[in-house]
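Counting starts at 1 for both ligands and their atoms, in listed order.
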Amino acid sequence: MALKGLVTLEQFIVDQQALYKNATGAFSKMFRALELGAKMVNRDVRKAGLVDILGDMGSMNVQGEYQKKLDVVADTTFIEVLSRCGEVCAVISEEQDHAIFIEGCENKEYYVAIDPLDGSSNIDVNASIGTIFSIYRRKDSNYSPKTEDCLQRGSEQVAAGYFLYGTSTMLIYTTGNGVNGFTLDDTLQEFCLSHENIRIPEGGAIFSLNEGNTSDFPEGVRQYITWCKEKDKATGRPYAARYIGSLIADVHRNLLRGGIFIYPGTEKKPNGKLRLIYECNTMAFIVEQAGGMAHSGRERILDILPTDLHQRSPLFIGSADMVNHALEYLNRYS
Ligand code: AHG
Ligand code: MN
Ligand code: MN
């Protein structure tokens, strides 16, 4: 196959940066680090069945979840590459209780939030998993960073993206100027532009949620699912149920095909399961930039001011028409 017209991630970032007069190059350094981290994790994921890297670590993270070996490998890898790139003052990770402040980078203006490996329960069964990241700029970089500096609204994100280790490996990201997708060419080991200016369909015919939890869902969500499953020619129902159990993979499919992903709060867990800073916000920024919507049921995800690094939020995300419709149900029955 001819390589005519091939645009690598590196080239794409250089071209984008040329559009900004005051670009310092910090951004491309951070992206190079993230890209390297993803290639390393991708390598580990691809050979996971062959080496002793599957299974439980035997430890728990701060959220009380059992860590998989690959969770820890991915966490260590991304923290290391981000520490070494010299542009990041702090890293927030799902797998770390506290923010990690990077020595020698106290005056750097960016911090990065990561879910090093999303979809842990899919690791051992060779289903799609990924890495989620968000880049934020500190309000004031004249002093050593503190945890409070890392608690900004999602609307303050400078960039957000995810690497998907699926049948092929992809990077989807936004800097607030649309969403672009890159696919890793295994032979070149380069991410190449494959999905330019992604737009999520306004409507869709897929609903994604863990239906096993139905009895705990708010009445509005239960009624909305019932509506999705009813037969109606005019609206193309019943809709298809699709749930992989990896936020990244579920949202990625809906981003390309149209659909809604829901992880609601319940009476026992009013904030649901997903983490605001490195799951909900990242996906919300991407989906909004693609023309979709992301809401907690109470407010726009990107407007929530976090008070804790690991706080959770209910999530309704996807095609705008579908999210609005689900929210109508939620309000009607609450
Ligand atoms: P993680 O593997 O980073 O802990 O995230 C798992 C999350 C998310 O990827 C997915 O959408 C959700 O857990 C699935 O939860 P259920 O198993 O409760 O459906
Ligand atoms: Mn996750
Ligand atoms: Mn994770």
Tell me whether [X] is salt-bridged to [Y], with the criterion being a basic N under 4.0 Å from an acidic carboxylate O.
{"X": "Glu279", "Y": "Arg312", "value": "no"}
{"X": "Glu156", "Y": "Arg137", "value": "no"}
{"X": "Arg222", "Y": "Glu219", "value": "yes"}

Aromatic centroids of Tyr263 and Tyr243 separated by under 6.0 Å: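 No, too far apart.
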Close aromatic pair by centroid cut-off 6.0 Å: Phe182 and His195: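 No.
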Considering the heavy atoms of [X], write down every atom of ligand 1 situated less than 4.0 Å from one of them.
{"X": "Phe261", "answer": "11 (O)"}
{"X": "Arg275", "answer": "1 (P), 3 (O), 4 (O), 5 (O)"}
{"X": "Glu279", "answer": "3 (O), 5 (O)"}
{"X": "Tyr243", "answer": "14 (C), 15 (O), 16 (P), 19 (O)"}
{"X": "Leu247", "answer": "8 (C), 9 (O), 10 (C), 11 (O)"}
{"X": "Tyr263", "answer": "15 (O), 16 (P), 18 (O), 19 (O)"}
{"X": "Leu274", "answer": "7 (C), 8 (C)"}
{"X": "Asp115", "answer": "3 (O)"}

Top protein contact for atom 17 (O) of ligand 1, by heavy-atom distance: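 Answer, as residue, atom name and distance: Lys273 NZ, 3.7 Å.
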Which residue and heavy atom of the protein sit nearest atom 2 (O) of ligand 1, plus the separation: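 Checked against all protein heavy atoms, atom 2 (O) of ligand 1 sits closest to Ser120 N, 2.7 Å.
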Side-chain (Asn213) to main-chain (Asp216) donor-acceptor, under 3.5 angstrom: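 Side chain of Asn213 to backbone of Asp216, a donor-acceptor pair under 3.5 Å: no, none is there.
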Side-chain donor or acceptor of Ser319 paired with backbone N/O of Met322 under 3.5 Å: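 No: the side chain of Ser319 does not pair with the backbone of Met322.
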Residue part near ligand 1, for Asn210, under 4.0 Å between non-hydrogen atoms: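 Just the side chain.
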Side chain, backbone, both or neither: Ser246 near ligand 1, heavy atoms under 4.0 Å: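 Looking at Ser246 and ligand 1, just backbone atoms fall under 4.0 Å.
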Arg153 to Tyr136 six-membered ring, cation-pi geometry met (6.0 Å, 45°):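 So Arg153 doesn't make the cation-pi contact.
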Lys NZ or Arg CZ of Arg275 over Tyr278 ring: under 6.0 Å, within 45°: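 Because its charged atom misses either the 6.0 Å distance or the 45° angle limit, Arg275 does not stack over Tyr278.
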Validation row: Ile135, Gln157 side chains within 4.5 angstrom (heavy atoms):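 A side-chain contact under 4.5 Å is absent here.
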Cut-off under 2.8 Å, centre the Mn ion (ligand 2), protein N/O/S atoms: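 N, O, S partners closer than 2.8 Å: Asp115 OD2, Asp118 OD1, Glu279 OE2.
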Residue that, paired with Phe133, satisfies ring-ring contact (aromatic ring centres under 6.0 Å, His included) out of Phe285, Phe31, Tyr111: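 Exactly one pass, corresponding to Phe31.
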Greater than 12 external heavy atoms within 6.0 Å of Glu103's CD: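 Result for CD/Glu103: open.
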